[in-house]
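Data block below; observations after.
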There are 2 protein chains.
Amino acid sequence: MMNINQATDYAFRAVLYLARQTRGRVVDAQTISKAEVIPMRFLLKIMPSLIKKGIVGSQRGAKGGYFLAEDPEDITFLDVVEAIEGPVKLNRCLIDPSYCSKDGAPECLVHRTLAGIQEKLVTELAGHNFGELVRK
Amino acid sequence: MMNINQATDYAFRAVLYLARQTRGRVVDAQTISKAEVIPMRFLLKIMPSLIKKGIVGSQRGAKGGYFLAEDPEDITFLDVVEAIEGPVKLNRCLIDPSYCSKDGAPECLVHRTLAGIQEKLVTELAGHNFGELVRK
DNA sequence: ATCGAACTACACTTAAAAGGTATACTTTAA
DNA sequence: TTAAAGTATACCTTTTAAGTGTAGTTCGAT
């Protein structure tokens with residue numbers, strides 16, 4: 001069914017929430033959790049992935065929280081997907097040919113076609129950023 | 001990670017195999033299984049889904065097997081994906097809003113954006129057919 | 001200094017889906 | 001009438017998804 005997972009869906013919404021704040025504002029997890037209806041502990045678990053990717057930053061301790069680390073215009077849907085799920089791959093074979101039961105046969109037209117479709121998908125994901133969403 | 005599943009991958013290859021035969025030729029499961037390196041019992045399990053969609057036909061009994069029920073030009077990647085996995089949906093919310101923790105709020109820009117991306121993906125999948133692959 | 005608010009790390013649990021296998025049955029050409 | 005071949009259904013095992021628990025660490029405020 002080809003879907004993004006729940007964690008990514010939550011991440012999109014958390015990033016959009018932060019993108020809507022005045023630049024640099026620090027918001028604590030509970031506030032985001034309530035506003036975006038994301039289970040608190042789950043949010044706390046996925047934020048580090050966004051941090052590692054450089055999308056958000058965090059401040060620990062009292063009055064701590066999260067803030068956007070980049071300009072919303074520079075954060076694409078692809079960035080968030082990759083932060084949470086790793087590289088997009090329509091088919092395992094496209095990343096690791098050892099998964100292919102035809103063993104990465106270069107003549108596999110199915111996989112070559114999927115590779116082309118995947119490229120279009122990646123381009124499309126990279127074509128939407130959070131600045132665009134904030135302005136809507 | 002957004003991928004199609006193994007069953008769909010096998011289905012692509014089975015359909016391509018049949019598309020490469022002279023039109024209407026009946027090929028039994030074991031032959032397809034061996035040629036395309038697809039576990040026999042698994043292939044037998046997924047073929048009925050292709051039949052229900054009208055992509056392939058079957059003949060039971062001795063000398064039975066499967067054959068392509070349509071012109072390869074008329075069978076798209078989307079057809080096969082939908083036969084095996086059902087409708088493409090990047091996010092559960094896009095099919096069933098009750099899954100959305102924000103409960104299908106029409107103002108959910110994330111989901112609206114994903115809907116647009118999904119549409120592009122569907123178009124792309126529908127843009128590749130098996131006649132094209134056979135000619136390559 | 002220290003207390004508590006807030007993030008971090010990591011392990012655990014539960015449920016669902018993926019992937020595959022087994023058994024029994026039906027159809028049909030020879 | 002029999003063996004070859006697809007069909008139906010149910011089962012099993014492994015992996016992934018989604019979420020929770022526990023024990024930290026950091027740091028602002030007092």
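Excluded from the calculations below are hydrogen atoms, water molecules and symmetry mates; all remaining heavy atoms, backbone and side chain alike, are included.
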*asked:* Nearest to the side chain of A:R41, heavy atoms from C-beta on, is which of D:dT22, C:dG19, D:dG19?
replied: D:dT22
*Hey, does B:L43 reach any base, or is it just sugar-phosphate, or nothing, if we go heavy atoms under 4.0 Å?*
nothing
*May I ask you to verify if any side-chain N or O of A:S58 is less than 4.0 angstrom from the OP1 or OP2 atom of C:dT8?*
yes
*Of A:I51, A:D28, A:V26, A:V27, which meets side chain to side chain contact (heavy atoms under 4.5 Å, CB included) against A:Y66?*
A:I51
*A:I51 CD1 - C:dA6 P separation (whole Å)*: 16 Å
*Would you mind reading off the distance between B:I84 atom CD1 and C:dA17 atom C1', rounded to a whole angstrom?*
16 Å
*Nearest-angstrom distance from the residue atom CG of A:N5 to C1' of D:dT16*: 10 Å
_Interatomic distance where CZ belongs to B:F42 and P belongs to C:dG20 [whole Å]_ = 5 Å
*Could you tell me the separation between the CG atom of A:D9 and the C1' atom of D:dA17, rounded to a whole number of Å?*
14 Å
*Apply side chain to side chain contact (heavy atoms under 4.5 Å, CB included) to A:L125 and A:D79, showing your working.*
CA-CA 8 Å; A:L125 284 167; A:D79 293 328; over 6 Å; no
_Please check if the number of heavy atoms outside A:K120 that lie under 6.0 Å from its NZ is greater than 12._
no
*Integer-rounded Å distance: D:dG6 C1' and B:L18 CG*: 14 Å
*Would you name the heavy atoms of B:S33 and B:L43 that are closest together and state the gap between them?*
N-CD2, 3.8 Å
*Closer than 4.0 Å, any side-chain N/O of B:Y66 to the OP1 or OP2 of D:dA5?*
no
*Any idea which heavy atoms bring B:L90 and A:N3 closest together, and the distance?*
O-CB, 3.0 Å
*If each of A:K45 and A:R60 is mapped to the nucleotide of DNA chain C with the nearest heavy atom, which maps nearer the 5' terminus, i.e. the 5' end?*
A:R60
_Can you tell me which nucleotide in C:dT8, D:dG19, C:dT21 comes closest to the side chain of A:L44?_
C:dT8
*Which part of the nucleic acid does A:G64 contact within heavy-atom distance under 4.0 Å: base, sugar-phosphate only, or nothing?*
sugar-phosphate
*B:I38 has an atom CD1; how far is it from atom P of C:dT21, in whole Å?*
13 Å
*Which sits closer to the 5' end of DNA chain D, A:A7 or A:A62, going by the nucleotide each is nearest to?*
A:A7
*Roughly how many Å is it from CG in B:N3 to P in D:dT15, rounded to a whole number?*
16 Å
_I need the minimum non-hydrogen distance between B:V81 and B:F12, along with the two atoms involved._
CG2-CZ, 3.6 Å
_Side-chain donor/acceptor of A:E124 to backbone N/O of B:I117, under 3.5 Å_ = no
*Is any side-chain nitrogen or oxygen of B:Y10 closer than 4.0 Å to OP1 or OP2 of C:dG19?*
no
_For DNA chain D, which residues of residues 26-34 of chain A approach it to below 4.0 angstrom with any heavy atom?_
none
*asked:* Measuring from the side chain of B:Q59 (C-beta onward, heavy atoms only), which nucleotide among C:dG19, C:dA29, D:dT22 has the closest atom?
replied: C:dA29
*Pair B:E70 + B:K53, salt bridge at N-O below 4.0 Å*: no
